[in-house]
Amino acid sequence: MKNTEKYLKLLSNAFPTARKAASEIINLSANLNLPKGTEHFISDIHGEFDEFNHILKNGSGSIAKKVDDEFGCELTLKQKKTLCTLIYYPEEKLELIERAEEDFGSWCKQTLLWLIRITRRMVSKYNRTKVKAAVKPEYEYIIEELLSERSEVPDKQAYYDEILQAIIETDCAKVFIVEFCRLIQVLAIERLHVIGDIFDRGSGSADVMETLINYHSVDIEWGNHDVEWMGAACGSYACIASVIRLAVRNGNLNVLENGYGISLVPLIALALKNYSDDPCKLFTVDNGSADENRIYTKVHKAITVLLLKLEGQLSINHPEFGMDNRRVLEKIDAENGTVVLDGKKYPLLDNYFPTLQKDNPYRLTAEEDSVMRQIAASFKQSERLQRHIEFLYNRGSMYRIYNGNLLFHGCVPFTEDGEFLTVNIGGEQVKGKALFDTLEKWARNARYSKVKKEREYGKDVLYYMWSCPSSPLFGKEKMATFERCFLSDEAVKAEHKNSYYKFYNNSEKVKAVFDEFGLDFATGHIINGHVPVNVRKGQHPVHCNGKVIVIDGGFSEAYREITGIAGYTLVSNSHGLKLVAHEPFVSVKEAVATEGDIQSVTEVVDLSNNRLRISDTDKGKEMQEKIADLKELISCYKRGVLREHQDLDNK
């Protein structure tokens with residue numbers, strides 16, 4: 001009771017009179033009946049910035065549909081395509097149109113009228129406070145006036161016409177066109193959920209992060225590639241080596257060098273010294289000119305060997321991680337060119353290992369240790385990287401429950417018998433939801449703990465989360481780096497998935513996950529990324545009668561041969577759930593010049609019988625709780641338990 005009274009006293013500071021509280025109740029009650037806002041779910045962006053950015057700009061095709069719904073046959077197909085392209089890329093398109101239009105002022109006036117109509121259609125599901133917050137303050141009054149114009153009020157027609165004419169005459173037309181286009185983009189997506197794997201493969205990871213930081217409403221569920229970068233930013237040698245290896249292999253060194261200012265000069269010197277006469281044929285890369293490729297081929301091998309050493313150290317130091325199969329260097333017979341894995345001998349495709357020491361193949365040489373110290377310092381001193389990683393920590397988590405849906409990147413680890421897999425993390429035996437919670441605790445300790453021992457263990461756990469068999473973010477028996485680099489046998493390279501992927505069509509097992517996380521099986525969904533949907537082989541992203549939805553559709557070009565498309569977006573609006581499959585995007589320049597858009601195919605996953613309102617959402621539940629609290633506050637005022645602050649109300 002004391003806590004309730006204390007809370008109501010604090011609430012009375014915001015609502016000092018019964019009239020103020022009643023006004024807020026009326027406002028909240030009205031908002032509860034507005035349509036639910038549109039949520040977009042996206043995963044496995046993997047640095048493909050242009051595709052990702054375009055899908056944000058076109059609202060997964062929803063803006064084009066709004067344009068078509070508004071204008072129908074009133075505008076030609078060409079006019080509607082021009083209008084859509086303008087909304088997506090206003091600055092770029094305006095530059096082309098201004099050069100081409102003889103009467104640019106008249107074009108601007110007509111375009112503003114069209115944009116106002118589209119914006120009115122978009123704002124119909126939002127309250128005025130939300131729309132006001134989305135508009136830049138300097139344009140707020142004028143845009144609010146233009147959006148409130150009604151053709152049935154002829155007395156004000158001259159007033160609206162004068163506003164538009166003044167915008168043209170003061171050379172502000174382009175500014176307002178850009179602002180309306182930006183507002184339409186913001187209103188198209190109320191909430192963005194990124195279900196992991198922002199980093200690696202593509203070259204635009206840093207640009208994706210900048211976009212997310214500046215986005216109006218976003219949350220992130222960490223993927224294994226994300227925690228790998230989080231570990232690197234915290235100074236984990238293993239995570240750093242893995243990040244560099246993938247950047248070299250995928251031709252994305254610009255992400256490190258230009259995106260984050262991380263110098264690889266010490267590593268290049270080490271590679272050229274140790275592998276000067278080694279052609280490194282198994283490590284060829286395509287990062288630039290012939291001379292650059294020759295250098296980076298050696299860097300690729302040098303960092304791979306370094307990573308294998310660091311993985312071996314982690315396995316020795318943390319037997320609980322289940323990394324015994326990553327201790328491969330001790331099983332190499334370099335003289336005979338063989339290695340023994342799981343009791344079977346395999347011929348090596350490359351047996352030149354100048355930095356391996358027979359007494360301890362996992363020990364770094366003095367030069368290797370010096371290189372890792374220098375590069376780790378570069379990672380930790382990169383202001384931009386640290387800012388991006390801080391955002392990942394602030395907006396990210398292992399999982400999220402939002403509007404009755406469970407969002408996580410990979411899997412809930414199962415045993416082969418269909419039970420939740422028990423894992424030892426930091427001396428705790430955990431499984432299911434507790435495994436996710438424990439891993440998140442250690443991931444945060446890696447960056448924020450004031451205890452050095454906790455920070456160091458947390459950094460090692462981040463590598464475990466990236467690539468170990470019982471990690472929910474990885475979900476495979478091994479990361480077969482050594483096998484893919486040094487062996488020809490395809491069978492030994494296989495990375496078999498966790499049993500979760502065997503059971504996600506089993507309603508009993510899926511319901512067990514719902515129960516574990518406290519979700520309603522009848523109304524909720526599990527939304528994952530991580531595993532590309534092999535559409536070419538007949539795989540489908542929707543499992544267990546719509547209860548599990550996998551939305552990794554191949555944003556990364558490397559996966560498109562598997563998926564046959566260029567990414568999925570899951571859209572949740574007031575009518576239900578829709579899965580949108582996207583075709584490849586060429587470039588911004590071509591999209592602006594040719595007015596081309598990403599072609600998308602939409603599939604309804606879950607259609608609601610009644611239109612969903614804000615009252616049906618998590619936010620709606622919070623608003624209903626606040627209404628109940630305000631009613632109690634009014635009761636306290638009436639009963640004299642609390643006094644109204646009339647002096648504050650009159651100010």
* Asked: Any donor-acceptor pair under 3.5 Å linking the side chain of Gln185 with the backbone of Tyr88?
  -> yes
* Any chance you could measure Tyr296, atom OH, to Ser289, atom OG, to the nearest 0.5 Å? => 9.5 Å
* To do: Among Tyr402, Tyr399, Phe436, find the one that has a ring pair (Phe, Tyr, Trp, His ring centres under 6.0 Å) with Phe408.
  => Phe436
* Taking the six-membered ring for Trp and the single ring otherwise, decide whether the centroids of Phe41 and His193 are under 6.0 Å apart. => yes
* To do: Please identify each residue that fulfils salt bridge (Lys or Arg N to Asp or Glu O under 4.0 Å) with Lys57, with sequence neighbours left out.
  => none
* Answer yes or no: does atom CG of Asn394 have more than 12 heavy-atom neighbours from other residues, nucleotides or ligands under 6.0 Å? => yes
* Roughly how far, to the nearest 0.5 Å, is CD1 of Ile177 from CD of Glu179? -> 12.0 Å
* Crowded around Lys125 NZ? As in, over 12 foreign heavy atoms under 6.0 Å? -> yes
* Asked: Do the charged groups of Lys80 and Asp68 touch, with an N to O distance under 4.0 Å?
  -> yes
* Regarding His525 and Asn405, is there a side-chain donor-to-acceptor distance under 3.5 Å anywhere? -> yes
* Structure fact -> Smallest heavy-atom separation, Ile551 atom then Ile195 atom, equals CD1-CG1, 3.9 Å
* **Lys589 atom NZ, neighbour heavy-atom count above 12 within 6.0 Å** => no
* Asked: Is the number of heavy atoms from other residues, nucleotides or ligands within 6.0 Å of NZ (Lys493) greater than 12?
  -> yes
* Classify the ring geometry between Tyr504 and His543 as parallel (under 30°), tilted (30 to 60°) or perpendicular (over 60°). => parallel
* CG-CD1 distance between Leu570 and Ile549, expressed to the nearest 0.5 angstrom -> 5.0 Å
* Using 30° and 60° as the class limits, which term best fits the ring planes of Phe52 and Phe49: parallel, tilted or perpendicular? -> tilted
* Lys36/Glu190 ion pair, N-O < 4.0 Å -> no
* To do: Classify the side-chain pair His46/Asp200 by whether it contains a donor and acceptor separated by less than 3.5 Å.
  => no
* Distance (rounded to the nearest 0.5 Å) between Ile213 CD1 and Arg395 CZ -> 9.5 Å
* **Any residue meeting side chain to side chain contact (heavy atoms under 4.5 Å, CB included) with Ser471, in chain and number order, not counting sequence neighbours** => Tyr464, Met465, Leu473, Phe474
* Asked: Are any of the side-chain nitrogens in Glu70 or Lys66 under 4.0 Å away from the carboxylate oxygens of its partner?
  -> no
* For Glu210, enumerate each residue passing the side chain to side chain donor-acceptor pair (under 3.5 Å) test, keeping only those at least two apart in sequence or located in another chain. => Arg384, Arg387, His388
* Asked: Once the angle between the rings of Phe283 and His300 is folded into 0 to 90°, is it parallel (under 30°), tilted (30 to 60°) or perpendicular (over 60°)?
  -> perpendicular
* **Lys/Arg N to Asp/Glu carboxylate O, Glu495 vs Lys476, below 4.0 Å** => yes
